**Student:** 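Below you will find the structure I want to go over with you.
Atoms within a ligand are numbered from 1 in the order they appear, just like the ligands themselves. What you are looking at is a predicted structure, and each value in this text was computed from that prediction instead of being measured.
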Amino acid sequence: MSAVLDAPLLSTYPPTRVTFVDGDGITLLDERGREYLDFAAGIAVVGLGHRHPAVLAAAHAQLDRLWHASNLFGTEPARDLARALSARFGGAQAFFCNSGTEANEAALKYARKATGKHGVIALEQSFHGRTAGALSATGQPAKRNAFEPLLDGVRFVPPNDIAALHAAMSEEIGLVLLEPVLGEGGVIPLTREFVAAARGLGALLALDEVQTGVGRTGTFFAFEQLGVRPDLVTLAKGLANGLPIGCLLVADDVAGAFSPGDHGSTFGGNPVTCAAALAVCDAIDDALLAHVQANGRRLLGGLRALPHVVEARGAGLLIGAELDTPAQSVVDAALDAGLVCLTSGADVLRLAPPLVVDARDVDTALAILTEVLNR
Ligand code: PLP
């Protein structure tokens with residue numbers, strides 16, 4: 001066993017058989033020199049592919065100038081990234097942190113301060129993170145049970161059940177928190193009608209775009225395809241192509257609830273990370289988004305034709321194939337065959353490759369999966 005696998009790490013993840021040492025584009029290399037096709041992208045993170053030249057150059061240049069100053073001072077990369085994200089959103093103010101769960105903590109706190117209410121509507125099967133607040137709004141009992149009691153006031157409704165959504169609404173609800181596509185809970189896209197109903201409830205609407213954001217679904221924000229403008233958006237995974245970052249965006253018209261001292265983060269807005277994230281935002285143009293949509297359709301169509309696939313669904317390059325066999329064993333067999341992919345719940349195979357995959361890569365992945373699923 002390798003030194004890395006032997007390391008004294010708390011067992012919060014299952015044991016792994018592979019140690020990756022290099023990455024380039026959509027290819028990963030293990031310590032034995034074996035190549036893998038990466039259709040996981042570090043769990044929907046490395047959107048532009050490993051060692052993307054523009055992101056690498058931006059991070060290197062910033063490493064050579066200034067690593068850290070704290071949020072007691074301004075830095076150019078954080079300021080420029082806030083401007084770029086505000087422009088993409090159409091007028092928003094940013095809070096930077098280091099992960100998706102922290103971005104959601106910030107959203108939960110922001111909604112409490114802005115509305116004076118602690119009630120939240122969230123979805124069954126949702127995933128918003130592992131810290132106490134984000135876990136409280138995560139609709140997966142298996143992830144919550146050992147840590148109860150969590151925050152009270154969260155009501156869970158089934159995804160796309162408009163009647164249940166209306167029934168859950170009350171005076172105490174200040175926030176509705178939704179993932180446009182439930183990334184960890186089975187790759188379940190929300191319908192336009194459901195999101196419109198959530199928008200109309202009279203509470204703040206926060207969209208957790210930690211997994212769906214930054215081009216993953218074929219638009220910069222997934223909400224662009226849903227016909228709504230949320231009050232709050234959280235981003236993380238793909239934003240800096242693999243460097244740790246999280247972000248809460250608050251629409252200009254509901255901004256102003258936080259005052260100095262209400263919230264903060266020592267490392268949030270780190271100049272190197274923000275410089276990388278700015279390069280990511282610059283690289284996500286209409287041509288790349290069209291490329292994501294085209295290759296997403298190709299992948300979805302190919303999956304629908306495979307054995308053991310009950311249903312394939314998703315948006316852009318966030319795709320789930322519901323199987324009639326345990327997904328983890330398919331993921332394990334695919335890894336042995338040189339394809340890295342993910343599960344999303346017990347019976348959904350999840351594919352979230354770098355956004356830059358081309359048709360040939362998609363066909364190679366489908367060929368490997370065909371071979372694995374035919375065994
Ligand atoms: N929200 C969503 C939708 C996610 O998919 C995840 C992670 O998978 C998180 C929040 C938590 O993000 P992080 O692991 O960066 O804390």
**Student:** Return yes if a side-chain donor-acceptor contact under 3.5 Å exists between Glu179 and Thr212, otherwise no.
**Tutor:**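 Side chains of Glu179 and Thr212: no pair found under 3.5 Å.
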
**Student:** Considering only Ile, Leu, Val, Met, Phe, Trp and Tyr, and joining two whenever side-chain heavy atoms are under 4.5 Å apart, list the other residues clustered with Tyr110.
**Tutor:**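 Direct or chained contacts put Tyr110 with Phe95, Leu108, Val120, Val154, Phe156, Leu175, Leu177, Leu204, Leu232, Leu248, Val250, Val254, Phe258.
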
**Student:** For residues 28-48, which residue pairs pass the ring pair (Phe, Tyr, Trp, His ring centres under 6.0 Å) check, not counting sequence neighbours?
**Tutor:**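 Sorted pair list: Phe20-Tyr36.
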
**Student:** Which residues pass the salt bridge (charged side-chain N to carboxylate O under 4.0 Å, His left out) test with Glu311, not counting sequence neighbours?
**Tutor:**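 Glu311 satisfies salt bridge (charged side-chain N to carboxylate O under 4.0 Å, His left out) with Arg313 once adjacent residues are dropped.
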
**Student:** Do other residues, nucleotides or ligands put more than 12 heavy atoms under 6.0 Å from Asp286 CG?
**Tutor:**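 No, CG of Asp286 has 12 or fewer neighbouring heavy atoms, counting only those of other groups under 6.0 Å.
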
**Student:** Just checking, any donor-acceptor pair under 3.5 angstrom between side chains of Gln225 and Thr219?
**Tutor:**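 Gln225 vs Thr219: donor-acceptor pair found between side chains.
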
**Student:** Might you list the protein residues in contact with ligand 1, defined as having a heavy atom under 4.0 Å from one of its atoms, sorted by chain and number?
**Tutor:**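 Residues within 4.0 Å of ligand 1: Ser99, Gly100, Thr101, Asn104, Phe127, His128, Gly129, Glu179, Glu184, Asp208, Val210, Gln211, Lys237.
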
